[in-house]
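Chain A is the first sequence line, chain B the second, and so forth, proteins listed ahead of strands; every chain is numbered from 1.
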There are 2 protein chains.
Amino acid sequence: MAVSARRGAPLSPEEIHAEALRLIDEQGVEALSMRKLAAALNVNPMSLYHHVPNKEALLDGVRTLVLSEIKPADDDGSSWQEQIRGLGAGLRALAHRHPSLYPYLCAHPQLMRQDGVSDVLCRVLAAAGVPEERMAAVRNALFAFTAGFLLAEINGMFPGRDDAAFEEAVTLIVNGLSAYGRDGSGGNAHAEVSPG
Amino acid sequence: MAVSARRGAPLSPEEIHAEALRLIDEQGVEALSMRKLAAALNVNPMSLYHHVPNKEALLDGVRTLVLSEIKPADDDGSSWQEQIRGLGAGLRALAHRHPSLYPYLCAHPQLMRQDGVSDVLCRVLAAAGVPEERMAAVRNALFAFTAGFLLAEINGMFPGRDDAAFEEAVTLIVNGLSAYGRDGSGGNAHAEVSPG
DNA sequence: ACCTGAACACCGTTCAAGT
DNA sequence: ACCTGAACACCGTTCAAGT
């Protein structure tokens with residue numbers, strides 16, 4: 001059986017990811033090392049490598065663990081404006097729950113492309129009047145805008161957690177989306193400008 | 001004089017920062033180490049510490065070096081929409097010139113608060129009809145949106161350098177700003193919603 | 001199957017010593 | 001004033017060996 005002398009149960013990836021997230025939330029990503037993580041788990045540093053290929057894969061696991069917290073709400077019948085605000089608030093809550101990990105979430109956007117969130121967002125955007133052929137671009141822009149705003153917020157661009165600043169930002173977005181509903185073109189006088 | 005046996009001239013912070021930037025652009029931020037940098041400068045690793053306090057300060061210097069590339073254009077009489085597009089394109093060019101450093105620029109937004117850029121942006125926003133008391137919030141939001149979009153782009157959210165996606169994003173912003181010009185309130189039906 | 005200790009190739013940084 | 005070598009306290013990771 002060869003279970004660790006210092007522990008009752010064998011390690012598992014889940015346990016490792018959870019403890020890594022705890023350490024990151026507590027001390028920051030920079031402070032996480034395989035050796036410290038092993039110490040926190042009361043285990044030899046090298047034991048980790050039987051459950052996780054390397055540190056990069058470990059961080060990948062932590063990122064997916066955090067992203068699993070996202071539970072996009074169902075359509076509750078409210079206006080698309082309200083639903084946009086709700087989605088933004090949800091992502092914002094996640095960012096503030098894990099401020100130290102958040103920049104690393106932004107740095108790996110393939111994980112941010114969770115189908116659940118994307119589907120809900122697209123439904124709301126369709127309700128706002130975004131035409132099908134521009135849906136992907138608008139959805140990506142919105143996602144990037146939101147992630148960027150939260151990154152700036154977490155990095156201290158605003159003094160503390162400034163809810164008014166967040167409201168202003170969401171309003172800017174909602175107003176921008178409204179143009180799609182008015183004429184279906186997004187009012188884009190520059191859509192055919194030759195790109196750079 | 002005690003100049004390095006292997007070099008003609010003594011080191012300088014400028015030389016160190018420039019070489020560090022070169023290495024970062026070439027091999028990525030993760031690959032930069034004090035020891036490799038010293039080797040690239042043909043110098044003993046410890047010599048660096050006579051010109052730079054530590055690695056964090058070195059990266060700070062590299063960031064300010066890159067930010068000094070920003071030269072916000074003067075008012076050329078074009079519409080505020082065109083000027084917004086110009087500012088965005090300028091920041092985008094910088095991001096693509098230094099894709100590896102760019103995420104680290106975003107992580108230290110105090111450096112992004114260059115007065116020059118901020119002043120120009122505020123002038124353009126005033127032309128768009130943003131009222132004085134909301135200027136700071138809108139300026140910050142715009143900056144964070146742009147930085148976030150470019151971060152997503154650099155991190156591979158879009159397939160390659162997708163100019164159409166960037167145009168769509170800027171259009172969304174421009175449309176959002178247009179609401180301020182229509183009624184001066186930004187059309188913000190939710191400005192007084194109780195935060196959180 | 002799971003764990004471990006020793007070892008390797010790296011780090012950033014300090015410090016006393018050189019010229 | 002500027003540079004240097006040795007040393008310290010860390011890293012991530014490999015590998016052969018243990019049960």
Side-chain angles (χ1 to χ4, degrees), chain A residues 1-63 65 100-101 103-104 107-108, chain B residues 1-63 65 100-101 103-104 107-108:
Chain A
M1 39 182 65
V3 161
S4 162
R6 303 137 86 194
R7 295 167 39 89
L11 276 176
S12 73
E14 290 72 26
E15 189 184 2
I16 293 175
H17 292 148
E19 182 66 22
L21 178 56
R22 224 183 48 73
L23 283 179
I24 288 170
D25 285 342
E26 207 172 76
Q27 316 189 19
V29 198
E30 313 294 348
L32 180 74
S33 78
M34 299 297 273
R35 293 166 122 109
K36 279 192 211 162
L37 175 58
L41 286 164
N42 206 25
V43 130
N44 185 287
M46 303 316 136
S47 302
L48 300 176
Y49 286 91
H50 288 275
H51 305 91
V52 154
N54 51 42
K55 193 182 184 183
E56 193 47 53
L58 167 67
L59 282 173
D60 233 71
V62 174
R63 280 188 286 262
L65 175 61
S100 173
L101 183 66
Y104 285 75
H108 293 253
Chain B
M1 40 185 61
V3 160
S4 163
R6 304 136 88 193
R7 293 166 42 89
L11 276 175
S12 73
E14 290 71 26
E15 189 184 2
I16 293 175
H17 293 149
E19 182 66 22
L21 178 56
R22 224 185 47 75
L23 283 179
I24 288 171
D25 284 342
E26 206 171 78
Q27 316 189 19
V29 199
E30 312 295 348
L32 180 74
S33 76
M34 299 298 274
R35 292 166 123 110
K36 278 193 212 160
L37 175 57
L41 286 164
N42 205 23
V43 127
N44 185 286
M46 303 316 134
S47 303
L48 300 177
Y49 286 92
H50 289 275
H51 304 92
V52 154
N54 50 43
K55 193 182 183 182
E56 193 47 52
L58 167 69
L59 282 173
D60 233 71
V62 175
R63 280 188 286 262
L65 175 61
S100 173
L101 183 66
Y104 285 76
H108 294 253

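What separates CD of A:Glu15 from P of C:dC2 is a distance of 13 Å, to the nearest Å. Rounded to an integer number of Å, the gap from A:Glu56 CD to D:dT13 C1' is 14 Å. The nearest whole Å value for the distance from the CG atom in B:Asn44 to the P atom in D:dA6 is 10 Å. Here D:dC11 presents its P atom at 15 Å from NZ of B:Lys55, a figure rounded to the nearest Å. In this structure, the CG atom of A:Leu58 is 10 Å from the P atom of D:dT13, given to the nearest Å. Taking atom CE of residue A:Met34 and atom C1' of nucleotide C:dC10, one finds them 16 Å apart after rounding to whole Å. Taking atom CG of B:Leu41 as the reference point, atom C1' of D:dT4 lies 16 Å away to the nearest angstrom. We find that CG of A:Leu23 is positioned 12 Å from P of D:dC11, with the value rounded to whole Å.
Contacts of A:Met46 with the nucleic acid, taken as non-hydrogen atoms under 4.0 Å apart, include base atoms.
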Let me see the working for A:Val62 and A:Leu32 under side-chain contact (heavy atoms from CB on, under 4.5 Å), right down to the final yes or no.
CA-CA 12 Å; A:Val62 174; A:Leu32 180 74; 5.9 Å; no
Test log, rule side-chain contact (heavy atoms from CB on, under 4.5 Å), inputs A:Met34 and A:Leu58
CA-CA 9 Å; A:Met34 299 297 273; A:Leu58 167 67; 3.8 Å; yes
Under the criterion side-chain contact (heavy atoms from CB on, under 4.5 Å), I'd like the reasoning laid out for A:His17 against A:Leu21: C-alpha separation, chi angles, the key distance, then a yes or no.
CA-CA 6 Å; A:His17 292 148; A:Leu21 178 56; over 6 Å; no
Going through the checks in order, is the side-chain contact (heavy atoms from CB on, under 4.5 Å) test met by A:His50 and A:Leu11?
CA-CA 9 Å; A:His50 288 275; A:Leu11 276 176; over 6 Å; no
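Between B:Leu65 atom CG and B:Ile16 atom CD1 the span is 12.5 Å, to the nearest 0.5 Å.
Position along DNA chain D of the nearest nucleotide to A:Lys36 versus A:Pro53 favours A:Lys36 as the more 5'-ward residue. Toward the 5' end of DNA chain C, the nearer of the two residues B:Arg35 and A:Leu48, judged by each one's closest nucleotide, is A:Leu48.
Of the candidate nucleotides C:dT13, D:dT13, D:dC2, C:dT13 has the atom lying nearest to any side-chain atom of B:Asn54. Looking at the side chain of A:Leu11, the nearest of the listed nucleotides C:dC3, D:dT13, D:dA6 is C:dC3. Listed nucleotides D:dG5, C:dC2, D:dC3 differ in distance to A:His50; the shortest reach to its side chain belongs to C:dC2. Distances were taken from every side-chain heavy atom of B:Tyr49 (C-beta onward) to each of C:dT4, D:dT13, C:dT14; the shortest belongs to C:dT14.
The two residues A:Gly28 and A:Ser100 make their nearest non-hydrogen contact at CA-OG, 3.0 Å.
Taking side-chain N and O atoms only, A:His51 has a distance below 4.0 Å to OP1 or OP2 of C:dC3. Of the side-chain N and O atoms in B:Ser47, one or more sit less than 4.0 angstrom from OP1 or OP2 of D:dT4.
Stem analysis of DNA chain D (at least three stacked-register Watson-Crick or G-U pairs, each with both distances under 3.5 Å) gives C:4-8 with D:12-16, C:12-16 with D:4-8.
Using a 4.0 Å cut-off between a side-chain N of Lys or Arg and a carboxylate O of Asp or Glu, A:Arg63 and A:Glu56 qualify as a salt bridge.
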